[in-house]
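Here is the structure we will look at.
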Amino acid sequence: MQGTKMLSGMTEPPSITLGDFVLRFELEDLDDVYAERARKELRETPDRVKESLVELRDLLKEEKDLYIPIENDYFLIRFLRPCKFYPESACDLIKRYYAFKIKHEKIYKNLKPSTEKNIFENNILTVLPNRDQMGRRILVLELGKKWKPSKCTLDEVFKGCVLFLEAAMVEPKSQVGGCVVIFDMDSLSLQQVWQFTPPFAKRIVDWLQDSIPIRVKGIHIVNQPGIFNIVFQLFKPFLREKLKNRIIFHGSDRDSLHQHIDPKYLLDCYGGTLEVPRITGPEWLELLLKCDKEYDAINSYGYNKNK
């Protein structure tokens with residue numbers, strides 16, 4: 001493989017130690033279990049990887065306005081895996097990924113952990129340190145009782161999600177396993193509901209459906225009160241069937257949630273038995289701050305960046 005997994009050239013995965021636990025990016029190549037999954041689910045074989053990389057490079061050379069690390073195999077594989085190694089689909093995904101960044105330039109400008117500390121310090125967005133039974137990363141957003149709109153805007157929440165998923169994109173296991181999202185809407189208030197708008201809803205759905213090279217395998221809504229339906233109605237018109245089918249409403253029914261995520265990979269507040277310590281937003285920030293240079297590298301690519 002040519003290139004490095006991290007665009008900044010960092011070779012040692014950033015990590016922090018929390019008691020007996022080490023929180024880190026998982027940059028290792030796929031083990032036998034994940035390699036077999038990639039073969040079955042993503043058509044990934046050594047020969048197909050080589051062929052697809054050559055074809056994708058040729059396609060990207062036609063995109064004269066697009067400046068990306070075209071010679072870095074690891075970078076291209078980030079887009080080939082979610083597209084099951086179809087080069088044309090991966091090329092289209094790359095173009096949509098960067099077009100979305102142009103369209104929402106205000107959000108993406110200089111987007112890195114050191115400029116977005118607030119979302120993590122408010123501790124409403126976190127990733128569990130473990131994967132679930134399917135090897136998926138678990139992102140938890142608590143947009144009910146922990147969220148104070150006066151202290152943290154929805155745009156900041158979105159930026160935090162982008163930072164997390166950009167990090168997941170680097171991990172080979174996450175490229176294969178994908179991720180699941182838990183939206184905990186406990187005690188959602190009318191004041192919070194009013195923060196949501198149709199343009200915000202469209203941006204989120206466009207991002208999830210068309211613009212990120214990560215497999216979003218499930219969106220689980222838990223602890224939602226009745227007024228959450230007002231929020232969901234904003235999102236509904238923009239949802240295509242595939243994503244709509246992956247949004248599951250559980251309320252307070254933990255058995256329902258456990259049908260999708262095994263309780264041994266969940267926190268006790270979701271009826272789980274996970275023994276790994278809960279990672280807080282500020283602890284995640286401490287890790288992500290070590291990656292500021294990586295986000296600078298990510299931000300340096302895109303349309304017309306070389307002009």
Side-chain angles (χ1 to χ4, degrees), residues 1-7 10-11 13 24-61 68-97 127-139 164-181 207-220 240-243 245-246 248 258-262 264-266 294 298:
M1 285 282 204
Q2 299 176 65
T4 57
K5 290 192 177 109
M6 298 188 87
L7 297 177
M10 294 168 75
T11 50
R24 66 185 182 86
F25 285 85
E26 297 175 0
L27 296 187
E28 301 87 356
D29 288 329
L30 301 180
D31 58 24
D32 291 346
V33 173
Y34 276 86
E36 178 60 14
R37 274 190 66 189
R39 188 187 68 77
K40 278 185 177 171
E41 296 176 26
L42 308 179
R43 306 168 63 248
E44 183 170 342
T45 63
D47 285 346
R48 186 165 281 126
V49 169
K50 279 182 196 166
E51 289 166 18
S52 300
L53 284 168
V54 170
E55 285 184 49
L56 179 55
R57 265 194 195 97
D58 287 344
L59 290 166
L60 289 168
K61 282 171 186 169
I68 55 174
I70 198 170
E71 298 306 324
N72 185 322
D73 291 348
Y74 292 105
F75 173 79
L76 298 182
I77 280 173
R78 294 181 193 184
F79 295 89
L80 281 164
R81 278 188 173 132
C83 294
K84 300 185 178 178
F85 286 87
Y86 289 106
E88 296 85 355
S89 299
C91 183
D92 287 344
L93 177 57
I94 288 170
K95 291 192 283 186
R96 290 197 306 270
Y97 171 78
V127 172
L128 299 193
N130 55 286
R131 299 174 184 276
D132 73 359
Q133 74 279 6
M134 302 289 286
R136 304 173 295 196
R137 283 286 190 197
I138 307 168
L139 172 64
F164 268 133
L165 289 187
E166 291 276 5
M169 280 166 56
V170 179
E171 300 182 309
K173 282 183 179 177
S174 298
Q175 293 163 11
V176 174
C179 70
V180 290
V181 186
W207 181 62
L208 287 172
Q209 289 184 148
D210 297 319
S211 312
I212 49 168
I214 198 97
R215 305 169 79 203
V216 180
K217 304 300 286 181
I219 296 175
H220 300 278
R240 294 197 291 270
E241 212 57 34
K242 184 177 177 182
L243 186 59
N245 291 338
R246 291 184 177 177
I248 301 145
H258 297 164
Q259 285 173 27
H260 300 272
I261 307 175
D262 191 300
K264 67 181 169 191
Y265 302 104
L266 286 169
E294 182 64 15
I298 289 167

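On a predicted model such as this, the values are computed, not experimentally measured, just so you know.
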*Between L139 and F164, is any pair of side-chain heavy atoms under 4.5 Å apart?*
yes

*Please test Y265 against L128 for side chain to side chain contact (heavy atoms under 4.5 Å, CB included), starting from the C-alpha separation and ending with a verdict.*
CA-CA 9 Å; Y265 302 104; L128 299 193; over 6 Å; no

*L7 vs P69 side-chain heavy atoms within contact, under 4.5 Å*: yes

*Test L243 against Q209 for side chain to side chain contact (heavy atoms under 4.5 Å, CB included), laying out the working first.*
CA-CA 7 Å; L243 186 59; Q209 289 184 148; 3.5 Å; yes

*Can you find a heavy atom in the side chain of L165 that is under 4.5 Å from one in the side chain of C179?*
yes

_Would you say that more than 12 heavy atoms from the other residues, nucleotides or ligands in this model lie under 6.0 Å from the CG of D32, or not?_
no

*Going by atom types only, do R131 and S174 share a side-chain donor-acceptor pair under 3.5 Å?*
yes

*Close side-chain approach of R43 to R39, heavy-atom, < 4.5 Å*: no

*asked:* Is the shortest side-chain heavy-atom distance between I138 and V181 below 4.5 Å?
replied: no

*Between atom OG of S52 and atom NZ of K84, what is the distance when rounded to the nearest 0.5 Å?*
14.0 Å

*How close do A167 and F25 get, heavy atom to heavy atom, and via which atoms?*
CB-CE2, 3.1 Å

*With distance as the sole test, does Q2 use its side chain to make a donor-acceptor pair with the main-chain N or O of N72 at under 3.5 Å?*
no

*Charged N-O contact under 4.0 Å between R137 and E171*: yes

_Spacing of L27 atom CG and Y74 atom OH [to the nearest 0.5 Å]_ = 10.0 Å

*Would you call E51 and R48 a salt bridge, taking side-chain N to carboxylate O under 4.0 Å as the test?*
no

*Can you see which heavy atom on C83 is nearest to which on L93, and at what distance?*
SG-CD2, 3.7 Å

_Using the rule given for side chain to side chain contact (heavy atoms under 4.5 Å, CB included), can you reason through I298 versus F75, listing the C-alpha separation, both sets of side-chain angles and the distance that settles it, and then say yes or no?_
CA-CA 10 Å; I298 289 167; F75 173 79; over 6 Å; no

*asked:* Please find the pair of heavy atoms, one from F85 and one from V49, that lie closest to each other, and give the distance.
replied: CE2-CG2, 3.6 Å

_Residues R215 and E41 bridged, charged N to O under 4.0 Å_ = yes

*asked:* For R240, is there an ion pair with D210 - N to carboxylate O distance below 4.0 angstrom?
replied: yes

*For the pair H260 and H220, name the ring-plane relationship: parallel under 30°, tilted 30 to 60°, perpendicular over 60°.*
tilted

*Measure the spacing between CD1 of I94 and CG of L59 and express it to the nearest 0.5 Å.*
9.5 Å

*Considering residues, nucleotides and ligands other than Y34, do more than 12 of their heavy atoms fall under 6.0 Å from its OH?*
yes

*Ionic contact status for K264 with D132, cut-off 4.0 Å*: no

*Single hit among E44, Q175, E36 for side chain to side chain contact (heavy atoms under 4.5 Å, CB included) with L30*: E44

*Would you mind checking if K173 and E28 are paired as a salt bridge, meaning a charged N to carboxylate O distance below 4.0 Å?*
no

_Can you confirm whether L76 sits close enough to R57 that some side-chain heavy atom of one is under 4.5 Å from a side-chain heavy atom of the other?_
yes

*How far does CD of E166 sit from CD1 of I212, to the nearest 0.5 angstrom?*
9.0 Å

*Apply the test salt bridge (Lys or Arg N to Asp or Glu O under 4.0 Å) to residues D73 and R78: give CA-CA distance (whole Å), side-chain angles for both, the deciding distance (0.1 Å), then the verdict.*
CA-CA 9 Å; D73 291 348; R78 294 181 193 184; over 6 Å; no

*Do P172 and K5 touch side chain to side chain, with heavy atoms closer than 4.5 Å?*
yes

*Measure the shortest side-chain to side-chain distance between V180 and V216 over non-hydrogen atoms and say whether it is less than 4.5 angstrom.*
no

*Any idea which heavy atoms bring Y97 and P213 closest together, and the distance?*
CD1-CD, 3.9 Å

*Supply the atom-to-atom distance L42 CG to I77 CD1, rounded to the nearest 0.5 angstrom.*
11.5 Å

*How long is the gap from CD on E294 to CE on M10, to the nearest 0.5 Å?*
7.0 Å

*Closest approach of I68 and L60, non-hydrogen atoms and distance?*
CD1-CD1, 3.8 Å

*Locate the shortest heavy-atom distance separating P87 from L80; write the atom from each residue and the value.*
CA-CD2, 4.1 Å

